[in-house]
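FYI, side chains are in, hydrogens and waters are out, and symmetry mates aren't considered; it's all heavy atoms of this structure. Ligands are counted one by one from 1 in listed order, and the atoms in each one are counted from 1 as well.
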Amino acid sequence: MQGNWKNMLTARSYIIGTLVVFILFLAGFCIQYADLVFPIKQEQTINWSQKFAEKSVELEHCERKLLVNGVSFRKMALHVLTPWLAPIIWDGTYNIKTLDRQYNGTRIGLFVFAVKKYIRFLQPLLESAERYFMVGHKVTYYVFTDKVDEVVKPKMADGRILQLHNVVADQRWQDVSMRRMEILTVYTKKYMPNEIDYLVCADVDMVFNDHVGVEILGDLVATIHPGFFLAEPEAFAYERRLISTAYVPYGQGDFYYMAALYGGKVDEIYKLSVACQKGITEDKKHYIEAVWQEESHLNRYLVYNKPTKVLSPEYIWDNSLPHGEFIKKKRFLAVHKDHQEVRY
Ligand code: 5GW
Ligand code: MN
């Protein structure tokens with residue numbers, strides 16, 4: 001009798017044990033394969049991946065800010081939005097597939113000046129542009145040089161055009177750099193409106209080193225100077241002499257932008273170049289020249305005409321600068337110059 005009871009008890013605990021194991025297994029399965037057991041709608045899945053993407057942007061943004069925690073650096077340039085709600089473009093803030101579709105068929109111009117010894121920078125720039133700049137889109141290179149015959153045409157993908165224009169080399173290098181504004185006033189009015197939608201203006205002593213695509217397009221776009229992105233506004237290299245038309249008073253201005261990369265819709269660059277050229281001419285009348293030539297005029301313009309999109313220093317970097325740890329993608333790099341060799 002007793003043996004029977006014992007047997008029955010053992011059998012019962014065996015059944016209960018098996019049941020518990022089975023229930024646990026079922027629960028585990030439900031947790032592991034929740035979307036199979038409780039199918040969720042496609043929309044919800046997309047929402048979650050979007051949430052994930054947003055979170056990772058937020059995290060990257062925090063990570064960048066954390067790098068300067070406890071130090072008296074200014075953090076505004078590390079954000080992903082300006083105070084006037086223009087996006088600041090960092091890696092991870094955009095989806096290139098979505099943007100490439102959105103800008104499908106858009107015509108983009110790249111404006112560069114290469115006179116005198118700077119002709120040596122042209123070929124590497126154009127070759128790197130073929131690898132990284134607006135790949136898959138319609139691109140026209142507007143090259144201005146005093147040595148049209150010396151230009152080596154790079155192998156170009158379909159849909160890409162090289163326009164070579166002759167330009168006289170100014171006597172002073174400062175004038176070469178500023179001459180770009182005058183040329184822009186002409187081309188953005190006469191020719192470019194029929195040829196392109198957006199224009200990107202760049203220095204020639206640079207190379208593309210990573211992706212630079214349609215994420216940089218906007219009505220009016222400027223790049224944060226890599227030497228000033230952590231600087232306080234008082235330290236910005238704005239023209240501070242009241243006598244110059246490029247004057248920016250202390251207390252004004254958000255970022256110090258670099259003239260080595262800016263752009264926008266053709267009519268916006270027309271307005272910008274007209275304003276800057278006017279300032280340059282006015283200053284010349286008074287025998288003055290802004291501290292950083294056309295860059296000073298560009299900065300003055302952008303204080304009062306806020307860019308609709310701001311590019312982080314990923315879009316202009318120089319490997320000799322400090323704080324490269326903030327810059328994961330060095331997309332557009334300054335070429336090291338032997339200043340003696342390229343002296344004007
Ligand atoms: C040459 C010596 C000193 C300064 C400028 C030049 C120079 C500039 C030149 O001989 N030829 C020329 O085409 N430029 C154009 O002006 C290039 O497009 C160049 O990228 C741009 C700005 O001059 P950079 O690059 O020397 O200015 P930073 O601020 O990069 O030093
Ligand atoms: Mn340069």
Side-chain angles (χ1 to χ4, degrees), residues 109-129 133 141-152 154 162-188 199-209 212 222-229 231 236-239 246 255-263 269 272-273 276-277 280 289-300 302 311 313 315-321 330-344:
L110 182 68
F111 171 88
V112 281
F113 233 66
V115 305
K116 295 249 173 127
K117 290 179 181 171
Y118 273 47
I119 188 80
R120 69 181 61 186
F121 297 117
L122 186 64
Q123 198 187 343
L125 175 81
L126 294 179
E127 278 171 4
S128 67
F133 181 74
Y141 299 110
Y142 293 89
V143 173
F144 292 81
T145 177
D146 57 340
K147 298 184 179 71
V148 168
D149 302 333
E150 281 181 34
V151 174
V152 182
L162 176 64
Q163 283 191 18
L164 291 175
H165 298 277
N166 203 54
V167 73
V168 285
D170 285 283
Q171 287 301 308
R172 297 170 62 247
W173 65 261
Q174 293 90 339
D175 290 325
V176 172
S177 182
M178 292 191 292
R179 179 73 59 203
R180 296 185 290 179
M181 282 297 175
E182 194 203 325
I183 300 280
L184 275 178
T185 64
V186 178
Y187 276 75
T188 51
L199 181 64
V200 177
C201 308
D203 264 17
V204 76
D205 56 341
M206 308 283 299
V207 283
F208 291 97
N209 181 58
V212 174
T223 313
I224 299 174
H225 194 300
F228 292 89
F229 74 112
F236 289 169
Y238 294 144
E239 173 58 69
F255 300 101
Y256 186 74
Y257 303 104
M258 194 171 186
L261 187 72
Y262 61 93
I269 301 302
L272 177 150
S273 58
C276 292
Q277 186 52 30
I280 292 168
E289 182 176 283
V291 57
W292 291 107
Q293 297 84 38
E294 85 293 349
E295 184 170 87
S296 307
H297 291 277
L298 174 77
N299 270 282
R300 153 88 187 203
L302 294 170
L311 307 182
Y315 290 88
I316 305 177
W317 191 252
D318 181 329
N319 280 329
S320 62
L321 285 171
K330 289 158 187 167
R331 304 168 189 264
F332 195 38
L333 273 178
V335 176
H336 174 78
K337 284 179 283 202
D338 181 337
H339 286 273
Q340 283 301 318
E341 230 175 79
V342 294
R343 202 180 46 197
Y344 209 63

Atom 20 (O) of ligand 1: any protein heavy atom closer than 4.0 Å:
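Looking at atom 20 (O) of ligand 1, one finds that a protein heavy atom does lie closer than 4.0 Å.
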Go through it in stages, so that I can follow the logic: the residues are Val176 and Lys116, the test is side chain to side chain contact (heavy atoms under 4.5 Å, CB included), and I'd like the CA-CA distance, side-chain angles, deciding distance and then a yes or no.
CA-CA 10 Å; Val176 172; Lys116 295 249 173 127; 5.9 Å; no
Considering non-hydrogen atoms of the protein only, which is the closest contact for atom 26 (O) of ligand 1, and what is the distance?
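The answer is Tyr118 OH, 2.6 Å.
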Should the heavy atoms of other residues, nucleotides or ligands under 6.0 Å from CZ of Arg172 be counted, would the total exceed 12?
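Count over threshold, so yes.
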For ligand 1, is any non-hydrogen atom under 4.0 Å from Arg180's backbone (N, CA, C, O), its side chain (CB onward), both, or neither?
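It is the side chain that touches ligand 1; the backbone stays farther off.
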Taking Phe332 as the fixed residue, which of Tyr262, Phe208, Trp317, Tyr315 is the one that meets the ring-ring contact (aromatic ring centres under 6.0 Å, His included) rule?
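One option only clears the test, and that one is Phe208.
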Parallel, tilted or perpendicular: which one describes the rings of Phe113 and Phe111, with boundaries at 30° and 60°?
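Judged by the thresholds at 30° and 60°, the geometry between Phe113 and Phe111 is tilted.
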Ligand 1 N/O within reach of Lys116 N/O, cut-off under 3.5 Å
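No.
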4.0 Å heavy-atom contact, Val176 with ligand 1
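The answer is yes: ligand 1 sits under 4.0 Å from a heavy atom of Val176.
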Could you list the atoms of ligand 1 found under 4.0 angstrom from a heavy atom of Val204?
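Contacts of ligand 1 toward Val204, numbered from 1: 17 (C), 18 (O), 20 (O).
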Write out the residue and atom name of the closest protein heavy atom to atom 13 (O) of ligand 1, then the distance separating them to 0.1 Å.
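Checked against all protein heavy atoms, atom 13 (O) of ligand 1 sits closest to Val115 N, 2.8 Å.
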Just going by heavy-atom distances, which of Trp173, Phe121, Phe144, Phe113 is nearest to atom 5 (C) of ligand 1?
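Closest candidate by heavy-atom distance is Trp173.
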I'd like to check His336 versus Asn319 (side-chain heavy atoms, cut-off strictly below 4.5 Å). Are they in contact?
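No, side chains not in contact.
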Quick one: does Ala114 get within less than 4.0 Å of ligand 1, heavy atoms only?
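Yes, Ala114 has heavy atoms under 4.0 Å from ligand 1.
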I'd like to check Phe133 versus Val200 (side-chain heavy atoms, cut-off strictly below 4.5 Å). Are they in contact?
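Touching, per the 4.5 Å side-chain cut-off.
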What residue and heavy atom of the protein are closest to atom 25 (O) of ligand 1, and at what distance?
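Result for atom 25 (O) of ligand 1: Asp205 OD2, 2.9 Å.
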Check all N, O or S atoms of Asp203 and name the one closest to the Mn ion (ligand 2).
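So the atom name we want here is OD2.
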Does only the side chain of Lys337 get under 4.0 Å from ligand 1, or the backbone, or both, or neither? Count heavy atoms.
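For Lys337, only side-chain atoms sit under 4.0 Å from ligand 1.
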Between the side chains of Arg180 and Asp203, is the shortest nitrogen-to-carboxylate-oxygen separation below 4.0 Å, so that they form an ion pair?
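So Asp203 pairs with Arg180 through a salt bridge.
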Any nitrogen or oxygen of Asp203, main chain or side chain, under 3.5 Å from a nitrogen or oxygen of ligand 1?
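The answer is yes, given that Asp203 and ligand 1 share an N or O pair closer than 3.5 Å.
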Ring-ring centroid check Phe144 Tyr187, cutoff 6.0 Å
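Aromatic pair counts; centres sit under 6.0 Å.
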Test item, Arg343 contacting ligand 1 (heavy atom, 4.0 angstrom):
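In this structure, Arg343 fails to qualify as a contact of ligand 1 - no heavy atom is under 4.0 Å.
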Could you check whether any side-chain heavy atom of Val335 comes within less than 4.5 Å of a side-chain heavy atom of Pro124, counting everything from C-beta outward?
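Val335 vs Pro124: side chains apart.
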